[in-house]
Amino acid sequence: MAIPLTRLGDRAFNHSPNSDAEAEYDRLRELAREEAAKRNSCFDRAHQAYERGDGATAKELSNEGKRHAAKMAEYNKRASEFIFRENNAPGRVPDDTIDLHGQFVEEAEDILERRIRYAQQHGQTHLHVIVGKGNHSVNHVQKLKPRVEQVCRELGLQYATEENTGRIYVNLQGGPAVMPPPPTHGGGYGYPSGSDRPDHAGQPHHHGRPPQHHNHEPEEQPDELERLVGKFFRKLGDCCVVM
């Protein structure tokens, strides 16, 4: 059974992209949808062939459907990687922030888990997760945010909804989700004045070490970002399909 592929968040890009970037993202997602339709057609016809006793045709159509499923997964992987690079390029978001705009739920979950592990291994104390407010989602429902919160609970991490409700603050040390003072420098996703008091959406799920607020986080250089992105998407090829 295939998991429905639905994009969540405000929009795919966190900035005003050029027409080429937007077209490439849309192209990859459309190719994935086309392959999904071909896959479904093959599986339907395979079932029909099996029902009428034509096992050879059923097997052939089933194998063809699997090939289309593999192509669909590859196109979605490329789209996911493309939009991640666009939205998380150096200078677009702070080093302690990850933007999940444009990702499918299953993609976002896998990316977030890997990002959290990477941040913890490199001594980062917290992470800001941009999920969007759902303004452009069906019925304006934030479906990505609950999944991010679920990931945090499963990992034993406390979280809080920030003043900007499209962002979640995660304490990576297991302690209470209390944000450090806002940075003094400007930035597209810096904290607005007075936003250092988050709305604690997450109840304590893990009694870890007391939070340690450091003034300086280790910065990820561009080459480290490239290495991190490679790790993220090495196993994303089949994340959206359950056979």
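Listed for the Asn88 side chain is a donor-acceptor partner under 3.5 Å among the backbone atoms of Phe84. The closest donor-acceptor contact from the side chain of Glu149 to the backbone of Tyr159 lies at 3.5 Å or more, if one exists at all.
Side-chain contact between Glu24 and Leu28 is present, with heavy atoms from C-beta onward closer than 4.5 Å. By the 4.5 Å heavy-atom criterion applied to side chains, His101 and Ile130 are counted as neighbours. Between Arg115 and Val129 there is no side-chain heavy-atom pair separated by less than 4.5 Å. Between Gln173 and His126, every side-chain heavy-atom pair lies at or beyond the 4.5 Å cut-off. Considering only heavy atoms from C-beta on, Leu127 stays 4.5 Å or farther from Thr97 through its side chain. Between Arg114 and Glu109 there is no side-chain heavy-atom pair separated by less than 4.5 Å.
For the salt bridge (charged side-chain N to carboxylate O under 4.0 Å, His left out) with Glu107, the qualifying choice from Arg78, Lys77, Arg29 is Arg29, the only one to do so.
Here the closest non-hydrogen pair linking Ala32 and Met72 is O-CG, 3.2 Å. Of all heavy-atom pairs spanning Ala108 and Leu144, the tightest one is CB-CD1, 3.4 Å. Taking every heavy atom of both residues into account, Pro176 and Gln158 meet most closely at CA-OE1, 3.5 Å. The two residues Arg153 and Pro146 have their closest heavy-atom pair at NH2-O, 4.5 Å.
When ring centroids are compared, His122 and Tyr118 come within the 6.0 Å threshold.
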Open item on the list: Between Arg85 and Glu81, is the salt bridge (charged side-chain N to carboxylate O under 4.0 Å, His left out) condition met? List the steps.
Closed with: CA-CA 6 Å; Arg85 289 179 183 275; Glu81 180 175 358; 2.9 Å; yes
Task: From CA spacing to verdict: side chain to side chain contact (heavy atoms under 4.5 Å, CB included), Arg147, Val131 - done: CA-CA 10 Å; Arg147 185 65 68 90; Val131 297; over 6 Å; no
Task: Working for side chain to side chain contact (heavy atoms under 4.5 Å, CB included), residues Ile116 and Leu172 - done: CA-CA 7 Å; Ile116 287 175; Leu172 300 178; 4.0 Å; yes
- [ ] Apply side chain to side chain contact (heavy atoms under 4.5 Å, CB included) to His68 and Cys42, showing your working.
- [x] CA-CA 9 Å; His68 286 301; Cys42 287; 3.8 Å; yes
TODO: Mind running side chain to side chain contact (heavy atoms under 4.5 Å, CB included) on Val148 and Leu112 for me, showing each step along the way?
DONE: CA-CA 8 Å; Val148 169; Leu112 178 60; 3.6 Å; yes
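The distance from atom CD1 of Ile111 to atom OG of Ser80, rounded to the nearest 0.5 Å, is 4.0 Å. Atom CD of residue Gln48 and atom CG of residue Asp44 lie 6.5 Å apart, to the nearest 0.5 angstrom. For the atom pair CG of Asn76 and CD of Glu35, the computed distance is 10.5 Å after rounding to the nearest 0.5 Å. Note: Asn164 CG to Tyr169 OH = 16.0 Å, rounded to the nearest 0.5 Å. With rounding to the nearest 0.5 angstrom, the OG1 atom of Thr161 is 5.5 Å from the CD1 atom of Ile168. The line from CD1 of Ile98 to CD of Gln103 is 8.5 Å long, rounded to the nearest 0.5 Å.
Phe43 and Tyr50 are assigned to two separate hydrophobic clusters, defined by single-linkage of ILVMFWY side chains at heavy-atom distances under 4.5 Å.
By the side-chain hydrogen bond (donor to acceptor under 3.5 Å, both in side chains) test, Arg67 pairs with no residue at all, sequence neighbours left out. Residues forming a side chain to side chain contact (heavy atoms under 4.5 Å, CB included) with Leu61 (at least two apart in sequence, or on another chain): Arg45, Ala46, Thr57, Glu64. Residues that satisfy the side-chain hydrogen bond (donor to acceptor under 3.5 Å, both in side chains) test with Gln150, not counting sequence neighbours, are Glu154.
Geometric assessment of Arg33 against the ring of Tyr75 yields a negative cation-pi assignment under the 6.0 Å and 45° thresholds.
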